[in-house]
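To start, the structure itself, in structure tokens.
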Amino acid sequence: MNDFIAQLLEANGHRKTRLLAILRAIQATYFHIPKEAITLLSRSLGLPVSHIISVVDFYSFFHSTPRGQYDILFSDSITDHMLDKQSLMNYFSHQCQVGIGQVRKDGRVSLDNTACTGMCDQGPAALINGYAVPRLDRPKIDLIAKLIEQELPLAEWPETIFQVDDPIWKTGLLLNSRLAPGESLLAADARGLDATLNEIDQSKLRGRGGAGFKTALKWRLCASEPEQERFVVCNADEGEPGTFKDRVLLNRYADWLIEGMTLASLLIKSQQGFLYLRGEYLHLFEPLQAKLAERRLNGLLGDNILGKGWSFDIEICLGAGSYICGEESALIESLEGRSGIARNRPPYPVTEGYLNKPTIVDNVETFIAAAHIAIHGGNWFAAQGTEQSSGTKILSISGDTPQPGIYEVPFGTPVAAILEDCLAEDVLGIQVGGPSGTFISNREFHRRLAFEDLPSGGSFIIFNKQRDILEIVRNFTHFFADESCGFCTPCRVGTILLSEQIDKLYDGYGSVGDIVALQELGHLLKTNSHCGLGQTAANPMLNTLARYPEIYQSKIKFPHFGPGFNLDEALQAARKIAHRDDSEAHLSQSGD
Amino acid sequence: MTQTFMLDGLAIPFEDGQTIMEAAIAAGHYIPHLCYHPDFTPYGSCKLCNVNVNGKICAACTFPAMAGQTVISESEEQNRDRQRITQMLFVEGNHFCPSCEKSGNCQLQGVAYHLKMTDDHFNHQFPHREIDASHPDILIDFNRCIFCALCVRASQEEDGKAVFAISGRGINKRLIINSDSGQLKDSELTVNDRATHICPTGAILIKHTAYQVPIGDRQFDHHSISEVSMDQDSSAP
Ligand SMILES: Cc1cc2nc3c(=O)[nH]c(=O)nc-3n(C[C@H](O)[C@H](O)[C@H](O)COP(=O)(O)O)c2cc1C
Ligand code: SF4
Ligand code: SF4
Ligand code: FES
Ligand code: FES
């Protein structure tokens with residue numbers, strides 16, 4: 001192990017900021033982070049043991065006890081469940097003789113759940129040793145089980161198992177455009193850098209990651225900081241359940257993204273960029289590295305770009321299973337090799353970001369839009385969309401549609417038109433913008449996709465009339481509880497309490513007071529939490545409670561007061577211990 | 001000209017760089033708090049100090065004071081939310097006050113009295129947490145930790161040691177100790193460290209000193225935390 005770690009540290013330049021990359025490699029080799037490794041890292045990196053443990057503890061892909069040689073994580077997105085995920089997971093569990101949440105005795109295989117893996121267009125999906133496996137079905141599971149029993153290394157598995165598709169159903173302004181490598185940089189140079197930033201301003205481009213901050217303004221603020229060392233960061237964490245458009249963009253249009261980041265580096269005068277890639281997209285890591293290498297070779301990245309004396313390079317940093325790391329300041333913490341806990345703001349990243357230096361953090365799609373605007377000008381972009389939401393939006397559509405995939409539509413498009421595009425029928429409601437966004441009912445399909453009406457970072461999950469609202473809410477609420485960073489009290493404790501309350505209703509033990517309690521708790525989370533995660537964690541419940549109060553009411557068995565659990569069931573353990581099952585050992589539920 | 005903001009209808013002067021909390025304390029106004037301490041870098045985790053700033057809820061201990069702000073702290077709404085947040089802290093851990101040495105001197109308890117909290121409101125989580133009694137002079141009962149990170153900060157910023165860290169995520173958050181064994185006895189903590197004395201609750205206790213002051217004669221038995229805190233925070237260096 002000493003040699004392995006020494007080499008690993010060498011390869012990572014003994015940088016503390018590379019802690020996640022180092023831990024990823026250790027986890028992949030030893031199936032956990034051994035205690036000796038932590039001690040070794042602590043000594044050589046000069047970090048307290050407790051710091052390293054806290055990072056291992058924080059990210060869900062790191063483990064302090066060994067996982068199986070083949071570690072299988074089933075994606076737990078609501079869309080996976082709609083595609084029969086649970087029975088497939090049970091089938092897998094049976095075929096591989098491994099319990100859910102467990103490691104098989106021989107250490108060969110382990111099985112667990114993980115948050116949405118960004119494959120909602122081709123679920124049910126899983127990760128095997130971090131690599132995406134979409135479109136699971138029984139024959140595929142049989143094959144996987146066989147390969148595991150044969151102990152065949154992952155690299156020798158048939159490629160079809162890992163085949164990820166890029167279903168693009170509708171293209172628009174951006175996806176219909178072309179961009180030759182270097183074209184936007186030359187265009188910016190010809191137009192002048194200030195004039196190019198003015199064009200981006202003119203385009204009224206707003207951030208595509210969800211919050212919709214004006215991109216030109218963000219870049220200007222960063223560029224005007226007196227500190228000269230500045231950073232360009234691309235947010236490719238794409239953790240919002242139901243979002244996968246960045247996955248497709250990264251796979252198909254990596255050149256455009258790198259071009260956009262390089263353009264940004266010219267505009268804010270930065271020499272170093274980072275691409276923060278969610279751990280779930282491990283399969284994209286090598287192709288993206290190859291793309292960076294190709295651009296370096298072609299003089300489009302590195303020193304003296306296009307012979308113009310510009311210098312800029314990009315490092316890819318992989319996440320390790322944490323939704324909160326999509327929040328820009330948590331992302332920066334993660335880039336620095338720490339747990340992803342959102343910072344107190346102000347200061348904002350544009351003034352104190354990576355290593356407390358001015359930093360812009362932008363979504364993949366934002367950089368791509370900027371690159372095209374540099375060529376075609378601001379008016380080209382602003383000609384589409386609405387007054388406050390210019391241009392187009394690339395949507396990830398999943399759920400109950402025969403055509404799940406990518407759709408590029410102008411901002412301002414009514415929901416009804418989007419449903420027509422994707423041939424969705426018999427629709428009950430739509431989760432727009434993912435669990436943190438808005439749930440709309442089928443009485444709201446006239447509403448428009450726009451920051452001023454229905455904002456969306458790209459997630460658009462369709463539910464038909466056979467779906468159970470409370471099951472959807474339950475899935476989303478548990479997602480937030482699992483992903484809460486736990487820094488602040490309202491979110492750390494509130495998301496758990498909220499999950500318990502929803503479960504109680506779902507399981508049929510709700511009483512009248514529970515709905516009021518839900519509302520109160522939801523409001524508390526929304527207003528008092530530290531960051532966007534806690535502030536939106538109650539949205540699924542609050543949105544659906546406002547739209548379908550009757551569904552919540554119908555779940556209440558006890559109109560006045562009732563026990564919050566099944567009394568008889570609670571006695572089961574005691575009966576087992578006492579070896580009794582007579583009528584005296586049972587209790588009837590009051591109100592039954 | 002001094003700049004001011006409005007706190008519950010009163011003009012509060014402040015200097016550039018001051019937080020709302022610092023300016024309020026300097027002007028003699030108490031804002032309930034647990035993770036804030038004037039000697040250490042503001043952290044902002046407990047959210048007890050949340051105030052309404054121009055319509056938005058912000059943590060007073062981390063949010064900068066700015067001219068023209070309208071800040072509401074002592075409203076029914078704010079105090080109701082604070083009571084709920086305090087109740088969350090209680091149900092999250094295992095706080096059996098009658099058998100706790102810190103009772104009467106505990107700030108969590110003090111804040112609960114101040115906010116007139118009479119029940120726990122939420123479901124208890126009853127987490128399973130071990131006690132670390134390995135150190136000859138100091139005891140840690142993790143059941144009472146509220147993750148305020150004051151011990152973490154005191155150890156780093158004043159003792160220059162980094163004995164503590166907060167680990168884990170979500171409800172599985174836990175306080176850990178920086179030593180190869182993970183035990184307190186193998187850490188650098190000593191009884192004279194600031195970190196040993198900073199805990200607002202009964203999580204970090206000093207051995208051999210229990211009940212020297214009888215229950216009934218302790219800090220919050222006779223004075224509200226608002227008075228005690230104003231005395232201590234404003235006299236800090
Ligand atoms: C909990 C949370 C998760 C987020 N996840 C993402 C994400 O996966 N991708 C993203 O681009 N933005 C995400 N954001 C928004 C970022 O904080 C930030 O606003 C965005 O990266 C800015 O880029 P833009 O201006 O290009 O949208 C998230 C925000 C929160 C609060
Ligand atoms: S730490 Fe405070 S609140 Fe917790 S048990 Fe002790 S006295 Fe009670
Ligand atoms: S032990 Fe005490 S001081 Fe340390 S984090 Fe827990 S409650 Fe705060
Ligand atoms: S714990 Fe992260 S928002 Fe509160
Ligand atoms: S005192 Fe401000 S958040 Fe704890």
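On a predicted model such as this, the values are computed, not experimentally measured, just so you know. Below, chain A is the first sequence line, B the second, and so on; all start at residue 1.
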| said: For Lys555(A), is there an ion pair with Asp514(A) - N to carboxylate O distance below 4.0 angstrom? | reply: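 Salt bridge: no.
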| task | Before accepting this row, confirm whether a basic side-chain N of the pair Arg169(B)/Glu483(A) lies closer than 4.0 Å to the acidic partner's carboxylate O. | result |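 Yes, Arg169(B) and Glu483(A) are salt-bridged.
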Among [options], residue most engaged with chain A (heavy-atom pairs, under 4.5 Å):
options	answer
Gly168(B), Ala165(B), Ala149(B), Pro64(B)	Gly168(B)
Gly182(B), Ala162(B), Gly170(B), Cys46(B)	Gly170(B)
Thr62(B), Asn52(B), Ile177(B)	Thr62(B)

| Of all of Leu497(A), Ile341(A), Asn528(A), which one pairs up most often with chain B through heavy atoms under 4.5 Å apart? |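 Top count of heavy-atom pairs under 4.5 Å with chain B: Asn528(A).
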| Top contributor to chain B contacts, counting heavy-atom pairs under 4.5 Å, from Ser339(A), Pro346(A), Ala481(A) | Pro346(A)
Part of [X] lying under 4.5 Å from any heavy atom of chain B:
X	result
Ser60(A)	both
Ile38(A)	neither
Glu520(A)	side chain
Ser322(A)	both
Ile53(A)	both

| chain A contact via Phe63(B) - side chain, backbone, both or neither, heavy atoms under 4.5 Å | side chain
| task | Check whether Leu48(B) gets within reach of chain A through its side chain, its backbone, both or neither, counting any heavy atom under 4.5 Å. | result |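 Neither; nothing under 4.5 Å.
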Any idea how [X] and [Y] line up, ring-wise: parallel (<30°), tilted (30 to 60°), or perpendicular (>60°)?
X	Y	value
Phe40(B)	His37(B)	tilted
Tyr43(B)	Phe487(A)	perpendicular
His114(B)	Tyr30(B)	perpendicular

| query | Do Asn192(B) and Thr190(B) have side-chain N/O donor and acceptor atoms under 3.5 Å apart? | reply |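 Checked: Asn192(B)/Thr190(B) side chains show no N/O donor-acceptor pair below 3.5 Å.
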| field | Side-chain H-bond candidate by donor/acceptor type, Ser179(B) with Asp186(B), under 3.5 Å | value |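 No.
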| query | Backbone N or O of Thr70(B) within a donor-acceptor pair of the Asn54(B) side chain at under 3.5 Å? | reply | yes
